[in-house]
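It should be emphasised that the depicted structure is a prediction, and the values quoted were computed from it without experimental measurement.
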Amino acid sequence: MKELKREVRMMTGTEFQPRMREAAEGGESRIIEGYAIVFERESVLLADWWDNYHEIIHAGAITQEEVDNMDITMDMFHNREKLLARSKMGQGSMKLTVDEVGLRYEFEAPNTADGDAAIELVKRGDLVGSSFIFWCDEQSDVKYTKDENDLLLRHVNHIGKIYSLTIAANPAYSETTVTAREVESHGIVLKTAEAIKKADEELREQVARRVAEIREMSSRKRK
């Protein structure tokens with residue numbers, strides 16, 4: 001069986017920051033909630049060896065029915081040993097909801113050392129983002145365009161599978177598995193290795209010339 005290529009995305013910002021649900025009067029909440037995916041939001045610049053690009057996960061890329069047929073875990077820092085909750089075929093200790101914003105999670109932190117640590121870190125605001133591991137079919141689930149600055153934009157129209165969610169302290173490396181050949185199969189022309197090398201050499205020459213100019217100016221001032 002062919003192994004599916006997994007990708008990792010780390011999202012930060014107000015929408016993605018996990019938070020504690022307010023407790024009923026006289027009680028103490030252990031419910032952590034937030035969004036792992038937000039639709040129609042352009043990502044930060046993602047990098048691969050062949051090019052840089054932004055990514056948008058479009059509304060409808062994942063449905064409630066699809067989520068309810070997946071086995072998805074929630075942990076801390078993408079450490080599977082720090083398991084906090086799980087949604088298995090729509091049942092379990094984590095509630096996942098697809099709405100107009102994106103994929104929302106909600107779970108009660110377990111009475112474990114990791115559960116207590118998650119609560120403390122969320123309360124203090126130390127966990128600033130959410131991350132997810134997913135797979136999509138490069139040929140049928142995505143398309144590519146370029147903006148007015150010739151920057152590549154990857155449109156994710158469908159997510160085939162979500163493996164796990166994470167609440168995290170620092171933006172992690174967004175691991176991609178997209179190859180240049182897969183992008184070019186959509187009719188997008190990428191920079192060749194020679195073009196990238198030439199651009200890098202031109203940039204180095206520009207920096208060297210500028211450094212030489214600054215040194216010459218400094219030398220004249222000293223005289």
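Side-chain N/O atoms of Ser130 and Tyr105 include a donor and acceptor closer than 3.5 Å. Remark: the Asp68 side chain and the Gln64 side chain contain an N/O donor-acceptor pair separated by less than 3.5 Å. Donor-acceptor pairing under 3.5 Å is recorded for the side chains of His78 and Ser131.
In this structure, the side chains of Ile31 and Met20 stay at 4.5 Å or more apart for every pair of heavy atoms. Side-chain contact between Thr166 and Phe132: absent, with no pair of heavy atoms (C-beta onward) separated by less than 4.5 Å. Side-chain contact check for Ile56 versus Leu153: some heavy-atom pair is nearer than 4.5 Å. Contact of the Cys136 side chain with the Arg154 side chain is registered, since non-hydrogen atoms from C-beta on lie closer than 4.5 Å. Contact annotation: the side chain of Asp116 approaches that of Arg30 to within less than 4.5 Å [non-hydrogen atoms, C-beta and beyond].
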Run His58 and Glu40 through side-chain contact (heavy atoms from CB on, under 4.5 Å) and show every step you take. CA-CA 5 Å; His58 291 289; Glu40 306 299 339; 3.0 Å; yes
Evaluate side-chain contact (heavy atoms from CB on, under 4.5 Å) for Asp141 paired with Ile159, printing each intermediate quantity in order. CA-CA 7 Å; Asp141 294 343; Ile159 295 175; over 6 Å; no
Could you walk me through whether Asp137 and Val142 pass the side-chain contact (heavy atoms from CB on, under 4.5 Å) test, one step at a time? CA-CA 7 Å; Asp137 189 312; Val142 305; over 6 Å; no
Does Thr145 form a side chain to side chain donor-acceptor pair (under 3.5 Å) with His155? I'd like the steps, not just the answer. CA-CA 8 Å; Thr145 60; His155 303 264; 2.8 Å; yes
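Closest approach of Ala117 and Met76 over heavy atoms only: CB-CE, 4.3 Å. Nearest heavy-atom pair, Leu83 versus Pro110, reported as atom, atom and distance to 0.1 Å: O-CG, 4.4 Å. Considering all non-hydrogen atoms of both residues, Ile72 and Leu165 come closest at CG2-CG, 3.9 Å. When all heavy atoms of Thr97 and Lys95 are compared, the closest pair comes out as OG1-CE, 3.7 Å. Minimum heavy-atom separation, Phe107 to Ser93: CB-O, 3.5 Å.
Between the CG atom of Leu103 and the CD atom of Glu66 there is a distance of 11.5 Å, given to the nearest 0.5 Å. Atom OG1 of residue Thr73 and atom CG of residue Leu84 lie 9.5 Å apart, to the nearest 0.5 angstrom. Atom CG of residue Leu152 and atom OH of residue Tyr144 lie 7.0 Å apart, to the nearest 0.5 angstrom. Taking CG of Leu127 as the start and CZ of Arg19 as the end, the distance is 13.5 Å to the nearest 0.5 Å. Taken from CG in Leu96 to CD1 in Ile62, the straight-line distance is 10.0 Å, to the nearest 0.5 Å. Residue Asn69 holds its CG atom at 13.0 Å from NZ of Lys88, rounded to the nearest 0.5 Å.
Hydrophobic clustering of Ile, Leu, Val, Met, Phe, Trp and Tyr side chains at less than 4.5 Å, counting indirect connections, unites Ile167 with Phe77.
Glu106 contributes no side-chain N or O that, together with a main-chain N or O of Ile32, makes up a donor-acceptor pair within less than 3.5 Å.
Under the 6.0 Å distance and 45° angle rule, Arg6 counts as a cation-pi partner of Tyr163.
By the 4.0 Å N-to-carboxylate-O rule, Glu33 lies close enough to Arg21 to be salt-bridged with it. Ion pair Arg80/Asp75 not flagged as a salt bridge, since none of the NZ, NE, NH1 or NH2 atoms sits closer than 4.0 Å to an Asp/Glu carboxylate oxygen. For the pair Arg104 and Asp99, the salt-bridge criterion is not met [side-chain N within less than 4.0 Å of a carboxylate O]. The pair Glu138-Lys143 fails the salt-bridge criterion, with no side-chain N (NZ, NE, NH1 or NH2) lying under 4.0 Å from an Asp/Glu carboxylate O.
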